[in-house]
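Scroll down for the structure; my scribbles are underneath it.
Quick note: residue numbers are just sequence positions, from 1. The figures here come from the full heavy-atom set of this structure, side chains too, leaving out hydrogens, waters and symmetry mates.
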Amino acid sequence: MRTRITLACTECKRRNYNTTKDKKTHPDRMEMKKYCRFCRKHTIHKETK
């Protein structure tokens, strides 16, 4: 079953993206390099609660 997660920018701490993940294949927190419109550059985004 896929669960909904929120991704937050590591630099400005704003929550920018919503996505889903499979808990079986990714049991720990996800990290993705995404575009932050507030920082105006690509940054690492981490999964938040």
Side-chain angles (χ1 to χ4, degrees):
M1 178 164 169
R2 298 186 71 81
T3 57
R4 291 192 67 189
I5 60 168
T6 304
L7 298 175
C9 178
T10 54
E11 292 189 17
C12 66
K13 309 293 191 230
R14 295 209 187 187
R15 296 175 181 204
N16 298 328
Y17 293 97
N18 291 315
T19 186
T20 61
K21 78 168 187 177
D22 188 8
K23 290 246 182 186
K24 289 181 184 177
T25 57
H26 299 285
D28 36 326
R29 294 202 176 192
M30 285 179 71
E31 285 187 5
M32 292 183 178
K33 194 163 189 178
K34 306 276 281 176
Y35 181 76
C36 178
R37 63 186 178 135
F38 304 103
C39 298
R40 294 190 184 134
K41 59 184 175 180
H42 284 83
T43 58
I44 301 284
H45 283 67
K46 291 186 178 180
E47 177 183 343
T48 60
K49 290 194 174 189

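A heavy-atom distance below 4.5 Å is found between the side chains of Cys36 and His45. At a threshold of 4.5 Å between non-hydrogen side-chain atoms, the residues His26 and Glu47 do not count as touching. Residues Asn16 and Lys34 fail the side-chain proximity criterion, which asks for heavy atoms closer than 4.5 Å.
Side chain of Thr48 to backbone of Thr6: a donor-acceptor contact under 3.5 angstrom is found.
The hydrophobic cluster containing Ile44 does not contain Leu7, counting ILVMFWY residues as joined when their side-chain heavy atoms lie under 4.5 angstrom apart, directly or transitively.
Considering CE of Met32 and OG1 of Thr43, their distance stands at 13.0 Å, rounded to 0.5 Å. Atom SG of Cys9 is separated from atom OH of Tyr35 by 11.0 Å, given to the nearest 0.5 angstrom. The distance from atom CD1 of Ile5 to atom CZ of Arg29, rounded to the nearest 0.5 Å, is 10.0 Å.
Other residues, nucleotides and ligands contribute over 12 non-hydrogen atoms within 6.0 Å of the NZ atom of Lys21. Sparse packing is recorded around CZ of Arg37, with 12 or fewer heavy atoms of other residues, nucleotides or ligands lying under 6.0 Å away.
Smallest separation of non-hydrogen atoms from Arg15 and Lys49: NH1-O, 3.4 Å.
Under the side chain to side chain donor-acceptor pair (under 3.5 Å) criterion, Arg2 pairs with Thr20, sequence neighbours left out.
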